[in-house]
Amino acid sequence: MSRYKSYQYIENLSDVVGKEVTLRGWVFNKTGKGKLQFVILRDGTGIAQCVIFKGNVSEEIFEQAKALTQESSLIITGTVKKEDRAPGGFEIDVTDLEILQLSKDYPITPKEHGDSFLIEHRHLWLRSSRQHAIMRVRAAIIKAIRDFFDGNGFKLMDSPLLTPNACEGTSTLFETDYFDFGKAYLSQSGQLYAEASALSLGKVYTFGPTFRAERSKTRKHLTEFWMVEPEMAFFDINDDMDLAEDLIEYIVQYCLKTCTRELATLERDTTKLEKVKRPFHRMSYSEAVDWLIKNKVPLIQKDSEGKDVHIHPFPWGEDFGTVQEEAIMEQFDKPCIIHRYPVGAKAFYMKQDPENSKVVLAMDMLGPEKAGELIGGSQREDNYDLLLEKIKQHDLPLDEFKWYLDLRKYGSVPHSGFGLGLERTVKWITGAAHIRETIPFPRTIYRITP
RNA sequence: UCCUGAGUAGCUCAGUUGGUCAGAGCACCUGACUGUUAAUCAGGGGGUCCACAGUUCAAGUCUGUGCUCAGGAGCCA
């Protein structure tokens, strides 16, 4: 057996009550009272209280214990006992300890800190209990996503990150100058490639980072974020919405089951998450507009002087902003899908509704508790001529989309898909105040370090 | 890009109408303490009040410009 397999971790202490163990970790906190020192040790899997009593160890060991500082690294040996007074529920009666490195002036104290101080110390902030819990929930959500798709006949088919053009034709792209043949861009969506993959493997998903050079500066936006995008041959918009509901229900229920301790650390009200069961709410864009009009929610626009202008009643055809989405979601305690948006509000590749040429077969899933847009998806335009027309209308470079049009030329089928924003999902489930807490090292418009 | 707000000790902040106004708590150092949970008690060190210019007898405080940060709009997941 290799050596590391015998390492004892705090999360498994319940198996070794009464035995002597050796733990490796960092000083999370320390308090003392004369001849008695309490060291809260963290090892990545949890925290355990280690007690050093002057009478039980050599003078040298006791002096070392007294000198320990926050985030010093150490190896500690002692007997495990169950102790309700101790954080974590177990206590180590220490017989020996070895300091690996004594930390000095660790910047993040157990007291309060401001947002910008913490984000500047993100590399250390990750060690604190809330951030630790959020990262564990993030890992659980990623596992839930992969388990869900792998268990339902999907194949992982990753899309390239370097692309020759904008997927949705907007100008919010990061440029690179490396290639001799001209500019290349960082991908803002893997969808177009996922469509090609779906026509090979049937049901696929692509899961990776995406990049948006939008100059957004809010607690819901990142410049670099992760997105999972399933794409399914033969799925229509209704299948697409059903799948989105199944996925979200699975993720939330998986987290409730496996992240009890983390959600408790985060003081998340889990009764709200327990309500996230199918069927979710659904309404068409037109029904949503009727609701906004009935409830006197205006369209808010800026005039030439930058002042807000409230427009009553909400005009059909305008896209929803945060005000409209939050107003609609206030009445619901589980997600709501809004579908069949006006043609002008959505991307070029979305299929026109055969029953109403003014709308496309698009759908957005909004989360409760001000979670915002979690999912955006659609049935794709599968008719060659209509898609060609749309590409021309949007002034997109036809050369770059030739391969994409081929998908409608050689065995075109109805197909659908959607994108789920990973960090927005993490933010919602953990109740994190800001999206930058939901990714290990956030990239935003004014921050690239650490 | 636009709008709003903030910048004082390592951290979080107070500082009134311009005049003992360089302050507190925490962190750190020294000492006391056998049950601490953000321990407690006593003592100690620690400052480019974001920068520059201006008004004034006098600016942390008022004015202007700049810098940095925050979160909201738009855009989006």
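Naming convention: chains lettered A, B, ... in sequence-line order (proteins, then strands); numbering from 1 in each chain.
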Using a cut-off of 4.0 Å on non-hydrogen atoms, how would the nucleic acid contact of [X] be classed: base, sugar-phosphate, or nothing?
X	result
A:P107	nothing
A:Q49	base
A:F117	sugar-phosphate
A:I40	nothing
A:G32	base

Between [M] and [N] - [atom1] atom distance, rounded Å:
N	M	atom1	result
B:G60	B:C50	P	10 Å
B:C57	B:U4	C1'	37 Å
B:A38	B:U61	P	39 Å
B:A59	B:A53	C1'	13 Å
B:U16	B:C62	C1'	15 Å
B:U36	B:G23	P	36 Å
B:A39	B:C21	P	33 Å
B:U40	B:G46	C1'	23 Å

Distance in angstrom units between [X] [atom1] and [N] [atom2], rounded:
X	N	atom1	atom2	answer
A:I300	B:C3	CD1	C1'	14 Å
A:D364	B:A77	CG	P	7 Å
A:E229	B:A77	CD	P	9 Å
A:E214	B:C75	CD	C1'	5 Å

So for A:H221 and B:C76, does any side-chain atom that can act as donor or acceptor lie under 3.5 Å from a complementary atom in the base?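 Donor-acceptor pair under 3.5 Å: yes.
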Hey, does the side-chain of A:E91 have a donor or acceptor N/O within less than 3.5 Å of a partner on the base of B:G35?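 Indeed there is one.
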By nearest nucleotide on RNA chain B, pick out whichever of A:K81 and A:I445 is the more 5' one.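 Nearest nucleotide further toward 5': that of A:I445.
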RNA chain B: A:T31 or A:R424, which has the more 5' nearest nucleotide?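 Going by which nucleotide is closer to the 5' end, it is A:T31.
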Any strand is fair game: report the nucleotide pairing with [N] by Watson-Crick or G-U wobble, both distances under 3.5 Å, or none.
N	result
B:G18	none
B:U1	B:A73
B:U40	B:A32
B:A53	B:U63
B:A6	B:U68

N/O-N/O pairs, protein side and nucleotides 22-32 of chain B side, under 3.5 Å:
none

Rounded to the nearest 0.5 Å, how far apart are CG of A:N29 and CD of A:E71?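 The distance works out to 10.0 Å.
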Atom CD of A:E267: over 12 foreign heavy atoms under 6.0 Å: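 Check fails, neighbour count at 12 or below.
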Might you confirm whether atom NZ of A:K82 has over 12 heavy atoms from other residues, nucleotides or ligands at distances under 6.0 Å?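 It does: A:K82 NZ has more than 12 such atoms within range.
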Given B:C76, B:C11, B:G74, identify the nucleotide with an atom nearest to the side chain of A:H113.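 Output: B:C11.
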Basic-acidic side-chain contact under 4.0 Å: [X], [Y]:
X	Y	value
A:E381	A:K390	no
A:K81	A:D93	yes
A:E224	A:R212	no
A:D242	A:R282	yes

Return no unless some side-chain N or O of A:N29 is found under 4.0 Å from OP1 or OP2 of B:A39.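 Answer is yes, contact under 4.0 Å.
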Using OP1 and OP2 only, check whether a side-chain N or O of A:K33 sits under 4.0 Å from B:G35.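 Yes, within the criterion.
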Can you check whether A:Y404 and A:Y193 have ring centres sitting under 6.0 Å from each other?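 No, the ring centres sit 6.0 Å or more apart.
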Measure from the ring center of A:F211 to the ring center of A:Y185 and say whether it is less than 6.0 Å.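 No, the ring of A:F211 stays outside the 6.0 Å limit from the ring of A:Y185, centre to centre.
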Ring-plane angle category for A:H123 and A:H121, please: parallel below 30°, perpendicular beyond 60°, tilted otherwise.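 Parallel.
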Any stacking of A:F225 on B:A77, going by centres under 5.5 angstrom and planes within less than 30 degrees?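 Stack criterion met.
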Determine, step by step, whether A:E437 and A:Q131 satisfy the side-chain hydrogen bond (donor to acceptor under 3.5 Å, both in side chains) criterion, reporting the C-alpha distance in whole Å, the side-chain angles of both residues, the deciding distance to 0.1 Å, and the verdict. CA-CA 7 Å; A:E437 295 183 50; A:Q131 300 308 311; 2.9 Å; yes
Per-nt protein contacts along nucleotides 66-72 of chain B (heavy atom under 4.0 Å; B base, S backbone sugar-phosphate only, - none) come out as ---SBBB
